Each structure stands twice: as structure tokens, then as C-alpha cells.
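For clarity, every value in this text was computed on a predicted model and none was experimentally measured. Computed from heavy atoms alone, side chains included, the values below leave out hydrogens, waters and symmetry copies.
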Amino acid sequence: MHYTQTAPINFKVLPPRTLPEKALLPMIVLALCLSMISACTPKTAPPLSDAQSAAKATAAWRAFADRSEKAAAGKGPYRMIASLRYDNNNEGHRVTGYLWGNGDARDKYGATSLFPIRLDLISSVGTSVAKIREDEKNFIAYDPNDNKAYTYDEENRALTSFGVPVPFDLSALVLLLNGRYAEFFMPDHEEGNWPQPEFIRFAPEDGVVFNMGHGELEIGPDGMPRRWEQHRASQGKTGWIMEITPSPKASSGPLRVSLTHPEGYEAVITVKERTRPDRMFKTEQLNLDLPKDVKLEAISS
């Protein structure tokens with residue numbers, strides 16, 4: 001058998017094709033976009049070990065306790081002006097509150113107490129809505145429009161029963177607005193004795209959530225409380241939710257406190273002004289003098 005020899009195939013190497021500039025531009029833009037997307041893609045941090053989680057939670061709680069202790073060290077007379085916007089089942093109100101007291105300053109006998117506390121509420125048109133005073137035993141609110149005074153002696157329900165939807169009394173409000181957070185959230189503990197509660201979970205932006213018994217408290221790594229969610233154990237439901245906006249001044253209390261309730265109650269307290277008088281308020285400045293013909297009524301829960 002004879003094979004016919006064929007000529008060898010010569011492969012011709014072609015020079016690389018040069019693309020016009022207009023064709024190259026979209027490709028360059030696409031490459032840049034892909035590189036930017038890759039660079040901006042968030043990287044998932046590796047999970048923390050149990051020891052790291054415990055250390056992170058402990059550091060946040062220590063910052064919280066330190067912040068509270070520094071605020072408590074600044075005890076003394078205070079005066080605040082705040083706007084209060086509240087809604088009772090779609091019935092909105094807006095007032096200005098003037099809050100003042102001696103704030104645990106020692107009297108001439110060496111005793112200390114947050115009481116008495118005074119709060120005046122003024123409408124947006126400048127008329128008096130209510131004059132309120134709370135001491136160790138009683139809460140009394142005077143309505144000058146109806147010439148009636150209301151009393152209430154059950155803890156934590158006075159303001160709510162008077163129509164202002166906040167789940168605490170005036171003394172707790174004073175602690176909160178003065179930045180004494182540990183005393184506010186742990187009222188059953190002595191000052192300075194604030195053991196770290198049970199750690200629950202981490203929250204966004206390095207937040208840490210603790211079980212306070214009465215609810216869940218989220219605080220930031222700087223010790224600033226961010227959010228509190230009340231537990232209603234008997235019903236297995238969420239009660240009040242409070243969100244706290246810090247003041248630009250790190251040494252002061254919060255700028256804003258927002259409260260909501262599933263049953264349609266809302267309140268927003270925004271502090272407009274804080275002052276620290278050099279002298280204690282006199283007794284007559286903290287009294288609530290009522291007209292002789294005022295009608296006195298007890299508020300029931």
C-alpha cells in the first residue's frame with residue numbers, strides 16, 4: 001500500500017487584534033465595578049468564642065456601671081425643660097415640662113432624698129395644664145382649668161393614671177433624665193451594687209442585651225443604654241418599649257426617650273435644657289400650694 005505524502009501544514013500566527021478605544025471603555029468600566037463590589041462586600045466576622053463573648057458582655061456592663069456612677073456623683077439641685085409629646089389611643093397631646101428638685105443633695109440635717117420633686121406642664125399656647133408634686137408618700141397633681149387636685153399613692157402608676165403614658169413615677173424619671181441608669185433599671189439594688197445580669201445575646205453595632213428580670217436591656221459598648229423591652233410575664237407578651245437617644249454631651253443624661261406600648265400608648269420626652277443651680281431649692285420653691293376651694297379626688301388604677 002502506498003501512502004501519498006502531503007505537504008506539512010504551516011500554522012500562521014496572527015498578531016493580536018487591537019480593539020478600538022470605544023470598545024475597550026465598557027470593559028474597563030465593568031472591571032472597575034466588579035473590583036469595587038468585591039471590595040465593598042461585607043465580610044462576616046468569625047464567631048466569638050464563649051470566653052470572648054463573656055469578655056465583651058462584661059466590658060459593656062462595666063461601662064454601663066461606670067457611666068451611672070459618674071452621673072450619680074453629680075448629685076445636687078437640677079432644673080430641666082423638656083418637651084413631652086404623648087398619645088393615648090390616637091388622642092395626641094404636646095406640652096412643655098419644667099422639672100426641678102434637689103436631687104439627693106444633703107440638707108442641713110445631713111439627710112439625702114430625691115424628694116420632693118416638682119413638675120409643671122405648660123400647653124403649646126402657654127397655659128398651665130398641670131402642677132405636680134411627688135414626695136416619699138404621695139403624688140398630687142393640680143389641674144387649674146378644672147380647679148381639681150388628684151392624688152395617687154400607688155407606685156409607678158401616678159403619671160399614667162393622670163393621662164401621661166409613662167410606666168414610672170417622677171423619681172424614676174428624674175434618675176433616667178439625669179443619666180443615673182443603673183439606679184433606674186435596678187431600683188432594688190443599693191447604689192454602687194449593680195451585679196451583671198444574665199447575658200442574652202448580641203445586637204447590631206456591638207450592642208449587648210441583658211435580662212433584667214422585668215425586661216431586656218440593650219446597651220452599647222460605651223455603656224449607653226439603647227433599648228429596653230418590658231416583659232409581661234403573666235400574659236407572655238411584650239409591654240412597654242423604650243428607646244434612648246444619647247445627648248451630644250457625654251456627661252449628661254439622654255437627649256430623648258421614646259416610649260411605645262402595644263395598646264396604643266406613645267410618649268416622647270426630649271430634653272431641651274439642663275441646668276445645675278448653685279444652691280438648693282428652698283422649701284417654698286418645692287411646695288405645691290392649692291387654692292382653698294380646690295376639689296380633691298383620688299385617682300384609682
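The hydrophobic cluster containing Trp240 also contains Met212, counting ILVMFWY residues as joined when their side-chain heavy atoms lie under 4.5 angstrom apart, directly or transitively. Criterion: ILVMFWY side-chain heavy atoms under 4.5 Å apart, direct or through other members. Under it, Leu255 and Ile269 are not part of a common hydrophobic cluster. Trp100 and Leu84 sit in two unconnected hydrophobic clusters of ILVMFWY residues. Membership requires side-chain heavy atoms under 4.5 Å apart, directly or through other members. Cluster annotation: Ile140 and Ile122 are assigned to distinct hydrophobic clusters (Ile/Leu/Val/Met/Phe/Trp/Tyr, side-chain heavy-atom contacts under 4.5 Å, transitive). Residues Val209 and Phe64 are members of separate hydrophobic clusters, defined by side-chain heavy-atom contacts under 4.5 angstrom among Ile, Leu, Val, Met, Phe, Trp and Tyr.
To the nearest 0.5 angstrom, Thr275 atom OG1 is 11.0 Å from Tyr78 atom OH. To the nearest 0.5 Å, atoms CD (Glu229) and CG (Leu217) are separated by 11.5 Å. The CZ atom of Arg85 lies 7.5 Å from the OG1 atom of Thr270; values are rounded to the nearest 0.5 Å. Between the CG atom of Leu114 and the CG atom of Leu170 there is a distance of 10.5 Å, given to the nearest 0.5 Å. In this structure, CD1 in Ile117 is found 12.0 Å from CZ in Phe281, a value given to the nearest 0.5 Å. Once rounded to the nearest 0.5 Å, the distance linking CD1 of Ile81 with OG1 of Thr96 reads 8.5 Å.
The shortest heavy-atom contact between Phe199 and Phe210 is CA-CD2, 3.9 Å. Between Ala149 and Leu290 the shortest heavy-atom distance is CB-CD1, 4.0 Å. In this structure, Glu136 and Ser113 approach most closely via the heavy-atom pair OE2-OG, 3.2 Å. Scanning all heavy atoms of the two residues, the minimum distance from Pro277 to Pro77 falls at CD-O, 3.4 Å. Pairing each heavy atom of Tyr181 with each of Gly253, the nearest pair is OH-C, 3.7 Å. Closest approach of Asn145 to Ser128, counting heavy atoms only: ND2-O, 3.4 Å.
Looking only at side-chain heavy atoms (C-beta outward), Tyr98 and Arg79 stay at 4.5 Å or farther from each other. Residues Val208 and Phe202 meet the side-chain proximity criterion, which asks for heavy atoms closer than 4.5 Å. With a 4.5 Å cut-off on side-chain heavy atoms, Leu173 and Val257 do not count as touching. Counting heavy atoms from C-beta on, the side chains of Val129 and His93 never come closer than 4.5 Å. Put simply, the side chain of Met186 reaches to within 4.5 Å of the side chain of Pro195, judged on heavy atoms.
With hydrogens and angles disregarded, a donor-acceptor distance shorter than 3.5 Å links the side chain of Thr58 to the backbone of Ala54. No side-chain donor-acceptor contact under 3.5 Å links Trp228 to the backbone of Ile244. Looking only at distances, a side-chain donor or acceptor of Arg274 sits under 3.5 Å from a matching main-chain atom of Leu177. A donor-acceptor pair is defined here as one N or O able to donate and one able to accept, closer than 3.5 Å; such a pair exists between the side chain of His214 and the backbone of Phe185. Side-chain N or O atoms of Asp135 include none that pairs as donor or acceptor with a backbone N or O of Phe115 at under 3.5 Å. The backbone N or O of Pro116 lies less than 3.5 Å from no partner atom in the side chain of Arg133, so there is not a single donor-acceptor pair. When atom types are taken as modelled, the side chain of Arg118 and the backbone of Ile132 share a donor-acceptor pair closer than 3.5 angstrom.
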Trace of the side-chain contact (heavy atoms from CB on, under 4.5 Å) decision for Thr245 with Ser258: CA-CA 8 Å; Thr245 303; Ser258 302; 5.6 Å; no
Test log, rule side-chain contact (heavy atoms from CB on, under 4.5 Å), inputs Tyr150 and Asp143: CA-CA 8 Å; Tyr150 303 89; Asp143 182 352; 4.1 Å; yes
side-chain contact (heavy atoms from CB on, under 4.5 Å) between Val95 and Tyr86, worked out: CA-CA 9 Å; Val95 296; Tyr86 58 98; 4.2 Å; yes
Residues Asn178, Met80; criterion side-chain contact (heavy atoms from CB on, under 4.5 Å); working and verdict: CA-CA 9 Å; Asn178 276 311; Met80 299 185 204; 3.1 Å; yes
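The neighbour count for Asp293 CG, taken as heavy atoms of other residues, nucleotides or ligands under 6.0 Å away, is above 12. Sparse packing is recorded around CZ of Arg279, with 12 or fewer heavy atoms of other residues, nucleotides or ligands lying under 6.0 Å away.
Note on Lys295 versus Glu297: no salt bridge recorded, every NZ/NE/NH1/NH2 to OD/OE distance being 4.0 Å or above.
Under the salt bridge (Lys or Arg N to Asp or Glu O under 4.0 Å) test applied with Arg227, the options Glu216, Glu243, Glu205, Glu218 reduce to a single match, Glu243.
Contacts of Glu69 classified as salt bridge (charged side-chain N to carboxylate O under 4.0 Å, His left out), with partners at least two apart in sequence or in another chain: none. Annotation: salt bridge (charged side-chain N to carboxylate O under 4.0 Å, His left out) contacts of Lys272 (sequence neighbours excluded): none.
Proximity of the aromatic rings of Phe184 and Phe168 is defined here by a centroid distance below 6.0 angstrom, and this criterion is met.
Side-chain atoms of Asn147 and Tyr142 form a donor-acceptor pair, as typed in the model, at a separation below 3.5 Å.
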